[in-house]
Number of protein chains: 2
Amino acid sequence: MDAIDQSILRALQSDSSRSIAELAEIVGASTSSCHRRIKSLESAGFIAGYSAVLDPQRLGLKLHAFVEITLESQSRGAMESFEKAVCGFDDILECHLTTGQADYILRLAAHDLEQFDRVHRECLSLLPGVSAMRSSFAIRTIKQWRGYPTG
Amino acid sequence: MDAIDQSILRALQSDSSRSIAELAEIVGASTSSCHRRIKSLESAGFIAGYSAVLDPQRLGLKLHAFVEITLESQSRGAMESFEKAVCGFDDILECHLTTGQADYILRLAAHDLEQFDRVHRECLSLLPGVSAMRSSFAIRTIKQWRGYPTG
DNA sequence: AGTGAAATGGACAAATA
DNA sequence: TATTTGTCCATTTCACT
């Protein structure tokens with residue numbers, strides 16, 4: 001994992017549709033070396049896969065929400081049933097067990113407040129063992145980088 | 001945007017490295033139809049691009065943090081200089097202006113607590129106009145879906 | 001279904017360390 | 001010496017028309 005590998009990862013994170021020839025020019029290596037490096041980055045597990053990046057605005061998903069949730073009980077059973085329920089809802093994009101005041105942080109996307117209300121009634125309020133819930137809405141996104149720093 | 005388009009988007013979000021022939025079989029359409037649909041989804045702006053998905057664990061980024069930040073002043077100048085500073089730091093993966101108690105929600109990745117401490121000192125504490133900061137760490141990720149529901 | 005571009009994989013010499 | 005790289009090469013897969 002040298003500087004060239006890192007810049008390959010950076011380039012592939014921002015645009016994976018480039019040909020190897022283009023990529024090779026960007027990172028300053030030959031096409032064959034570049035190809036070899038990509039294959040080893042894949043098999044070494046640094047690259048987990050490739051995906052299309054959709055535009056949430058264009059899909060009409062104008063509302064982003066963060067929901068902090070505290071459970072009534074931190075018993076194993078309560079957490080397991082909560083987590084299982086969370087995984088079943090497609091509108092819940094992310095869920096992390098966290099330190100701090102809340103127990104879980106969730107990230108949601110919805111079309112508008114009306115649909116969020118429906119999600120709230122049909123998903124969030126059905127989650128078992130919830131004692132407190134605090135929602136924040138994203139008014140504006142300053143920065144959204146789906147990737148990770150490579151070093 | 002019919003059911004087939006939606007399932008194309010779903011399939012491309014989970015794995016964009018499939019060939020059009022594979023994709024066509026998954027969504028139940030001919031390869032040529034599938035190809036035409038992808039092209040129009042791209043030019044209509046639903047597909048913003050393609051990217052490699054890296055494994056943060058494999059990169060050694062074992063620490064995910066959420067930081068809620070309140071500014072001393074909500075004046076335009078204070079917010080602009082805060083936001084500009086945020087965009088300059090690669091360790092800050094996401095930043096949203098939000099409703100609720102806090103003003104901003106940030107998402108960070110770091111190798112470990114030690115590096116997070118360095119990020120804290122070298123990035124977060126340098127952000128201008130901050131009055132309060134509350135960090136939560138992800139102990140465990142229950143669910144992480146980078147994509148969006150397609151309808 | 002056909003065309004052309006690009007990915008894939010191999011062999012070998014040069015370079016690097 | 002051993003590992004990596006760059007320049008050919010052949011084959012084949014696949015996007016695109």
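Predicted, not measured: the structure shown is a model, and the values here were computed from it. Below, chain A is the first sequence line, B the second, and so on; all start at residue 1.
Taking all atoms of both residues into account, the shortest heavy-atom contact from A:Glu72 to A:Val130 is OE2-O, 3.5 Å. Nearest approach of A:Arg146 to A:Leu54, heavy atoms of both residues: NH2-O, 4.4 Å. Of all heavy-atom pairs between B:Ser51 and A:Gln13, the closest is CB-O, 2.9 Å.
The distance between the ring centers of A:Phe137 and A:Phe116 falls below 6.0 angstrom.
Put simply, NZ on A:Lys39 is 17 Å from P on C:dA6, counting in whole angstrom units. One atom, CD1 of A:Ile38, and another, P of C:dT8, lie 8 Å apart when rounded to the nearest Å. For the pair B:Ile8 CD1 and D:dA15 P, the computed distance is 13 Å after rounding to whole Å. Per the geometry, CD1 belonging to B:Ile20 stands 8 Å off C1' belonging to D:dC16, to the nearest Å. Distance B:Glu22 CD to D:dC14 C1': 11 Å, rounded to the nearest Å. Distance, A:Tyr50 OH to C:dA7 C1': 12 Å, rounded to whole Å.
No donor-acceptor distance shorter than 3.5 angstrom exists from the side chain of A:Thr141 to the backbone of A:Lys143, with no hydrogens or angles considered. Checking side-chain atoms of B:Ser16 against main-chain N and O of B:Leu12 turns up no donor-acceptor pair under 3.5 Å.
Side-chain proximity of A:Ser19 to D:dC14, D:dT17, C:dA7: nearest is C:dA7.
Atoms CD1 and CZ, from B:Ile20 and B:Arg36 in turn, are 11.5 Å apart once rounded to the nearest 0.5 Å.
Residues A:Tyr104 and A:Glu83 have side chains that bring a donor and an acceptor to within less than 3.5 angstrom of each other.
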Polar atom pairs (N or O), protein with nucleotides 3-7 of chain D, under 3.5 Å:
| from | atom 1 | to | atom 2 | distance (Å) |
| --- | --- | --- | --- | --- |
| D:dT5 | OP1 | A:Arg37 | NE | 3.4 |
| D:dT5 | OP1 | A:Arg37 | NH2 | 2.2 |
| D:dG6 | OP2 | A:Ser30 | N | 3.3 |
| D:dG6 | OP2 | A:Ser30 | OG | 2.9 |
| D:dG6 | OP2 | A:Ser33 | OG | 3.2 |
| D:dG6 | N7 | A:Arg36 | NH2 | 3.1 |

Are any protein N/O atoms closer than 3.5 Å to N/O atoms in nucleotides 11-13 of chain D? If there are, list each pair with its distance.
none

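With a 4.5 Å cut-off on side-chain heavy atoms, A:Ser136 and B:Glu68 do not count as touching.
Neither OP1 nor OP2 of D:dA15 sits under 4.0 Å from any side-chain N or O of B:His35.
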